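A, B, ... follow the sequence lines: proteins, then strands. Residue 1 opens every chain. Please read all numbers here as calculations on a predicted model, not as lab measurements.
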Amino acid sequence: MITSPTIDDMLEGVILAVETDILPHLADAKAQASAQMMQSLLQGVRQLLPVYESSLVEEHNAMNAALRDAAAALADVSGPEADRMRERAASLGAADDLPAPADPEQTRLAHVARATAVRDCLYDLDVMQRAGIQAADESLTILRAMLTPQYLHYMATFPMQGGMLGRG
Amino acid sequence: MDEQLASTLASVFIDAEGIHVRGLAALPGGFSRETFAFDIEVQGGEHAGELPMILRKDPPAAVAILETSRLVEHNLLESLRANTSIPISRSYCAEMNPDVFGERAMIIQRMPGNGQTSDLFHDGPDTDQVDDVVRHLCEIMVELHETSIDTIDPHGELADPRGVGIDASSWDAYMDTTFEYYIDSYPTLEFDPMMLTLLDSFLSLRRNKPRPVPLSIVHGDFNPANFLYEDGKVTALIDWENTRIGDPREDLGWMALMDVLSNSQVMSHPVDEGGFLAYYNKLRGLDITPEELGYFTLFGTANIAVPVNAAIARRTRKEHMEFLHLYLVQSQAPALMSFISLLDYPGVPA
């Protein structure tokens with residue numbers, strides 16, 4: 001996966017392009033409104049993305065605790081409703097809390113550091129290969145074999161279909 | 001804009017009594033220049049009548065993908081028109097004063113023919129023409145590659161048009177200085193560390209230099225979108241801005257890659273000759289092998305990849321906010337697949 005431009009960079013670029021390349025050329029009022037709705041929706045996605053996973057985990061864990069606490073508050077109450085509350089607390093509410101997800105920015109920076117290190121290996125291996133060190137060939141093959149599924153995954157996840165848009 | 005066009009063209013059609021511009025409209029396509037179509041009515045003089053025109057403008061410097069000169073392109077087009085039978089636009093003028101059109105520009109003849117070349121392939125409406133068109137396209141490329149460099153480029157403008165230190169005095173010097181250009185450029189184009197397969201290809205190209213062939217004029221962007229056709233013939237080979245002296249196998253390699261990325265089938269035609277490479281070999285006798293084609297797919301692609309990815313890197317650093325460059329992040333991604341395939345990465349599906 002590439003880490004630059006970020007997903008936020010790409011969404012920001014689309015919002016700007018709608019503003020500068022599309023909106024000035026839309027004569028129809030409904031089309032203008034649709035374009036502005038697209039911008040608004042994309043801006044919402046920009047704000048959701050960085051906190052989405054951590055928010056889900058945090059809310060999941062809070063709901064676990066609340067299910068237990070709400071049932072505990074009914075400890076002296078009998079009846080089918082209170083029983084169902086206790087049952088929820090004992091099943092779903094008793095599950096382990098989910099671990100906090102890694103900070104996306106920390107993950108990105110760690111990825112960048114490793115990819116940069118692999119890149120620097122290519123420079124060093126090239127020097128060794130040009131010096132005739134055969135083990136460098138094997139070393140390069142190991143790095144390439146590691147990279148293959150990464151590029152395949154990237155292509156499958158971020159596909160470019162239909163040829164080169166805007167060309168003949 | 002109409003007034004500037006009429007005024008500029010008045011200095012070309014000096015015997016005209018009047019020039020009227022009509023129908024100026026931006027054209028889509030072409031990632032590196034801003035292109036406009038228009039017609040002129042020339043009143044009086046030798047060229048009286050209607051003439052179809054194209055205005056090719058440089059984009060603002062910050063968003064430029066290829067730093068090329070309209071004057072060099074103008075001189076090239078006129079030299080090719082004078083010295084070859086290659087179907088090509090007449091270039092009327094290069095306006096190097098950016099005050100006239102906002103940026104440097106050139107005005108060329110708008111050629112007839114269909115530019116929607118995807119009509120030739122798959123279930124397109126012109127599949128009956130594809131063999132004849134591609135046969136002609138191959139013959140044009142052979143003529144370009146066999147035309148004397150000194151004839152086309154007497155002042156050496158095409159030896160190092162980007163000014164990056166290319167030495168085209170011999171094949172070895174050309175290849176060696178081009179390797180250095182690619183490798184030295186890598187830090188400027190690395191918008192993401194995962195672009196390292198480009199670096200891998202640059203270093204691999206240098207380690208595995210193939211046999212030499214005579215240098216030639218290369219088109220530099222010979223791809224399935226850069227020609228027009230009509231009635232089984234190519235009516236124009238277009239977009240000559242990246243033309244330079246180089247190894248002729250670069251044009252074939254770039255076409256091979258773009259053929260895949262564009263989902264066209266140029267390299268499979270003409271069928272009765274065994275495809276584009278076989279027909280080219282028959283006409284030129286160079287016996288270019290599939291392995292050499294693969295090598296020059298990487299080499300020729302690198303020539304485009306360096307400036308394109310450098311432009312993407314400038315966008316990623318937010319030196320400008322042009323949308324096209326963000327789109328190029330996605331559209332150039334399939335090239336990475338071709339790179340790892342040509343570099344024989346373990347595990348790449350056949």
Side-chain angles (χ1 to χ4, degrees), chain A residues 1-6 9-22 25 108 111-123 125-127 129-130 136-137 140-152 154-168, chain B residues 28-31 114-119 183 186 190-197 199-200 202-204 206-207 223-228 258 261-264 312-313 315-318 321-327 329-337 339-341 343-349:
Chain A
M1 288 292 164
I2 63 167
T3 49
S4 174
T6 63
D9 289 335
M10 290 188 267
L11 292 170
E12 178 196 38
V14 175
I15 292 169
L16 284 173
V18 170
E19 187 72 31
T20 58
D21 297 352
I22 306 293
H25 306 288
R108 191 182 74 83
H111 186 283
V112 167
R114 270 69 187 177
T116 303
V118 173
R119 177 204 64 195
D120 291 343
C121 288
L122 294 180
Y123 283 115
L125 287 170
D126 180 63
V127 173
Q129 286 180 296
R130 286 193 289 144
D137 294 347
L140 177 61
T141 301
I142 290 169
L143 293 179
R144 287 175 167 178
M146 176 273 298
L147 288 167
T148 297
Q150 298 193 6
Y151 282 114
L152 293 176
Y154 174 54
M155 282 304 307
T157 313
F158 191 49
M160 170 61 201
Q161 294 171 331
M164 308 285 277
L165 300 177
R167 300 173 69 94
Chain B
F31 286 172
N114 184 5
Q116 197 69 30
T117 53
S118 53
D119 286 353
I183 293 166
Y186 183 73
E190 187 193 49
F191 64 84
D192 184 273
M194 287 303 283
M195 299 307 293
L196 56 83
T197 190
L199 176 65
D200 192 5
F202 299 164
L203 297 171
S204 296
R206 183 172 63 179
R207 288 196 303 270
N223 75 65
N226 274 346
F227 66 90
L228 313 177
M258 291 300 287
L261 299 188
S262 305
N263 196 26
S264 51
I312 294 172
R315 172 62 180 83
T316 304
R317 292 192 297 266
K318 301 193 175 180
M321 298 302 282
E322 190 76 9
F323 179 68
L324 170 64
H325 300 64
L326 268 187
Y327 169 68
V329 172
Q330 185 185 21
S331 73
Q332 59 85 49
L336 298 176
M337 273 304 299
F339 272 61
I340 67 172
S341 176
L343 288 168
D344 205 19
Y345 276 30
V348 177

Please check if any side-chain donor atom of Ser204(B) sits under 3.5 Å from a side-chain acceptor atom of Arg207(B), or the reverse.
yes

Side-chain donor or acceptor of Thr148(A) paired with backbone N/O of Pro346(B) under 3.5 Å:
yes

Tyr186(B) versus Glu190(B), side-chain donor and acceptor atoms under 3.5 Å:
yes

Pair count under 4.5 Å, heavy atoms only, with chain A: among Ile183(B), Asp344(B), Asn114(B), Leu326(B), highest is Leu326(B)

Donor-acceptor under 3.5 Å (Thr3(A) side chain, Val112(A) main chain)
no

Need one label for Arg317(B): side chain, backbone, both or neither, based on atoms under 4.5 Å from any heavy atom in chain A.
neither

Do any N or O atoms from the side chain of Asp192(B) and from the backbone of Ile2(A) form a donor-acceptor pair under 3.5 angstrom?
no

So what's closer than 4.5 Å to chain A heavy atoms on Leu203(B): side chain, backbone, both or neither?
both

Start with the C-alpha distance between Arg108(A) and Thr6(A), add both sets of side-chain angles, then the distance that settles side-chain contact (heavy atoms from CB on, under 4.5 Å), and finish with yes or no.
CA-CA 9 Å; Arg108(A) 191 182 74 83; Thr6(A) 63; 4.1 Å; yes

Chain B: which of Arg130(A), His111(A), Met146(A) shares the most heavy-atom pairs with it under 4.5 Å?
Arg130(A)

Given a strict heavy-atom distance threshold of 4.5 Å, which part of Ile312(B) is in contact with chain A: side chain, backbone, both, or neither?
neither

Quick check for you: among Asp200(B), Ile340(B), Thr197(B), which has the greatest number of heavy-atom pairs under 4.5 Å with chain A?
Asp200(B)

Indicate yes or no for a side-chain donor-acceptor contact from Tyr151(A) to the backbone of Met194(B) under 3.5 Å, with no hydrogens or angles considered.
yes

Quick check on Asp21(A) against chain B: is it the side chain, the backbone, both or neither that has a heavy atom closer than 4.5 Å?
side chain

Under 4.5 Å from a heavy atom of chain B, the part of Tyr123(A) involved
both

Heaviest contributor of heavy-atom pairs below 4.5 Å to chain A, chosen from Met337(B), Arg315(B), Lys318(B), Arg206(B), is Arg206(B)

Contact origin within Leu140(A) toward chain B - heavy atom pairs under 4.5 Å:
side chain

In terms of heavy-atom pairs under 4.5 Å with chain A, the winner among Glu322(B), His325(B), Met321(B) is Met321(B)

Counting only N and O atoms by type, is there a donor-acceptor contact under 3.5 Å from the side chain of Arg144(A) to the main-chain atoms of Leu343(B)?
yes

